[in-house]
Enquirer: 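This is the structure I want to talk about, given as structure tokens.
Here, residue 1 is the first one in the sequence, and each next residue gets the next number. Side chains are part of it too, since the values below use all heavy atoms of this structure and drop only hydrogens, waters and symmetry mates.
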Amino acid sequence: MLDRVLLGGAPSPELRPVRVASAVDEVSDRLLTAIAVGDFLPGQRLPAERELTILLKVSRPTVREAIGRLQAVGVVEIRRGRNGGAYVRDSWTESSAAAVRHTLLPRWTEFEQLFDLRGLVEGMVAATAARRRRPHDLEAMREALAAYLSARTPRDEQTADSAFHHAVCAATGNPQIVTLSRDLLARISLGFPVEPWGKGERTHFHQGSADHKALYEAIAAGEPERAEEIARDHFTISAQMIRDVLERVRAVEPP
């Protein structure tokens, strides 16, 4: 079942039935990997237990035990009270390399296919937005772009980036396109509909800034071909972040 979350299809035929212990292993590995690629950044709260059970199609005891493992290795801390939950402490520990290896390597061919597919789809989204955008769509994009440019933390950047791309999707006027974009994002982000953000490197921020500005200008000007090209290139940033994490793992891979 977890395989379906990532690949969007039937489980690989060579997979055996999942035991409870195996489900806990996979959920904890997936969460560690999601944190390593920057789906969830230090200081950020993970989705609530109930939400994780829905996203990953597993039981609450499985999620609870997986979160306990992350707490034990120091990746998250558990806070109580009104704003309680599991908060990310660090993006990388000794446990991260093994988790990334287990999660990404067996499926890497599919990931590369998804990166290619996402670029094509998001190019189509941008081109459609350029043809159909209305004044209120452009206003939403401008607001999100301003928030991105004024962001002072990686978490603020990530939030504003999400708002900008949501506004682009909304400008297509087709909810099915919005759903398709969200589903592809979840599939490259290990089941979580959150854009990978790496370590919040400023080089990525500056590239994103230039791309967002150019994409907005192309959509506002009604230039679908230009918008498509910018969007297709822009979404290689997320793919490269995930590749960078895998290369880090390969550099320290045990003999």
Enquirer: May I ask you to test the Ile67-Ser28 pair for a side-chain heavy-atom distance under 4.5 Å?
Expert: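 A side-chain contact under 4.5 Å is absent here.
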
Enquirer: Look at the side chain of Thr236 and the backbone N and O of Asp233, then say whether any donor-acceptor pair between them is shorter than 3.5 Å.
Expert: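 Yes; at least one donor-acceptor contact below 3.5 Å.
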
Enquirer: Flag the pair Arg89 and Glu77 as a salt bridge only when some basic side-chain nitrogen lies within less than 4.0 angstrom of an acidic carboxylate oxygen.
Expert: no

Enquirer: Strictly distance-based, threshold 3.5 Å: is any side-chain N or O of Arg107 a donor or acceptor partner for the main-chain N or O of Leu105?
Expert: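 No, Arg107 side chain to Leu105 backbone: no donor-acceptor pair under 3.5 Å.
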
Enquirer: Side chain of Arg232, backbone of Gly119: donor and acceptor closer than 3.5 Å?
Expert: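 Checking the backbone N and O of Gly119 against the side chain of Arg232, no donor-acceptor pair under 3.5 Å is found.
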
Enquirer: Start with the C-alpha gap between Arg226 and Glu217, add the side-chain angles, then the distance that decides, and say whether salt bridge (Lys or Arg N to Asp or Glu O under 4.0 Å) holds.
Expert: CA-CA 10 Å; Arg226 181 172 164 234; Glu217 290 169 359; 3.8 Å; yes

Enquirer: Does any N or O in the side chain of Ser162 come within less than 3.5 Å of the main-chain N or O of Thr159, such that one atom is a donor and the other an acceptor?
Expert: no

Enquirer: I want to check something: taking the side chain as every heavy atom from C-beta on, are Arg243 and Trp108 in contact at a cut-off of under 4.5 Å?
Expert: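 Yes; the side chains approach each other to less than 4.5 Å.
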
Enquirer: Find out whether Val100 and Asp29 are in side-chain contact, i.e. whether some heavy atom of one side chain is under 4.5 Å from a heavy atom of the other.
Expert: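 SC-SC contact between Val100 and Asp29 ruled out.
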
Enquirer: Looking at Glu229, I'd like to know if its CD atom is crowded, meaning that more than 12 non-hydrogen atoms belonging to other residues, nucleotides or ligands lie closer than 6.0 Å.
Expert: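 No, because the 6.0 Å sphere around CD of Glu229 holds 12 heavy atoms or fewer from other groups.
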
Enquirer: For Val24 and Val58, what are the C-alpha separation, side-chain angles and deciding distance, and is it a side-chain contact (heavy atoms from CB on, under 4.5 Å)?
Expert: CA-CA 9 Å; Val24 173; Val58 293; over 6 Å; no

Enquirer: Give a yes or no on this: more than 12 heavy atoms of other residues, nucleotides or ligands lie within 6.0 Å of atom CZ of Arg64.
Expert: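 It does: Arg64 CZ has more than 12 such atoms within range.
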
Enquirer: Would you say the side-chain atoms of His234 pair up with the backbone N or O of Ile230, donor to acceptor, closer than 3.5 Å?
Expert: no

Enquirer: Go through it in stages, so that I can follow the logic: the residues are Glu139 and Arg133, the test is salt bridge (Lys or Arg N to Asp or Glu O under 4.0 Å), and I'd like the CA-CA distance, side-chain angles, deciding distance and then a yes or no.
Expert: CA-CA 10 Å; Glu139 181 180 359; Arg133 81 283 183 274; over 6 Å; no

Enquirer: Hey, mind stepping through Val37 and Val245 against side-chain contact (heavy atoms from CB on, under 4.5 Å) and telling me if it holds?
Expert: CA-CA 6 Å; Val37 300; Val245 170; 3.9 Å; yes

Enquirer: Check whether any side-chain heavy atom of Glu110 lies under 4.5 Å from a side-chain heavy atom of Gln113, and answer yes or no.
Expert: yes

Enquirer: Would you check if Val27 and Glu65 make a side-chain contact, meaning some heavy-atom pair closer than 4.5 Å?
Expert: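 Val27 does not reach Glu65 side chain to side chain.
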
Enquirer: Grab the two heavy atoms, one from Val73 and one from Ser95, that are nearest each other, plus how far apart they are.
Expert: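 So the minimum-distance heavy-atom pair works out to CG1-OG, 3.4 Å.
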
Enquirer: Should Glu26 and Thr103 count as side-chain neighbours, where that means a heavy-atom distance under 4.5 Å?
Expert: no

Enquirer: Can the ring centres of Phe192 and Phe40 be said to be less than 6.0 Å apart?
Expert: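 Ring centroids of Phe192 and Phe40 are less than 6.0 Å from each other.
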
Enquirer: Let me see the working for Asp25 and Arg69 under salt bridge (Lys or Arg N to Asp or Glu O under 4.0 Å), right down to the final yes or no.
Expert: CA-CA 9 Å; Asp25 291 343; Arg69 291 188 183 182; 2.5 Å; yes

Enquirer: Search all heavy atoms of Ile219 against all heavy atoms of Ala129 and return the closest pair with its distance.
Expert: CG2-O, 3.9 Å

Enquirer: Answer yes or no: is there a donor N or O on one side and an acceptor on the other, between the side chain of Ser238 and the main chain of Phe235, under 3.5 Å?
Expert: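 Flag not set: sc Ser238 to bb Phe235 has no pair under 3.5 Å.
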
Enquirer: Tell me, do Ile35 and Leu70 make a side-chain contact under 4.5 Å, heavy atoms counted?
Expert: yes

Enquirer: Hey, is the main chain of Leu41 close enough, under 3.5 Å, to the side chain of Arg155 for a donor-acceptor pair?
Expert: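 Side chain of Arg155 to backbone of Leu41: no pair is present.
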
Enquirer: Step by step, would you call Glu157 with Trp197 a side-chain contact (heavy atoms from CB on, under 4.5 Å)?
Expert: CA-CA 9 Å; Glu157 294 167 13; Trp197 214 250; 3.2 Å; yes

Enquirer: Without swapping roles, check the side chain of Thr33 against the backbone of Ala99 for a donor-acceptor pair under 3.5 Å.
Expert: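 Yes; at least one donor-acceptor contact below 3.5 Å.
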
Enquirer: So, does Gln158 use its side chain to make a donor-acceptor pair with the main chain of Glu195 at under 3.5 Å?
Expert: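 Yes, because the side chain of Gln158 sits within donor-acceptor range (under 3.5 Å) of the backbone of Glu195.
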
Enquirer: Mark yes or no for whether Arg131, through its side chain, and Pro224, through its backbone, hold a donor-acceptor pair below 3.5 Å.
Expert: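 No, because the side chain of Arg131 does not come within donor-acceptor range (under 3.5 Å) of the backbone of Pro224.
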
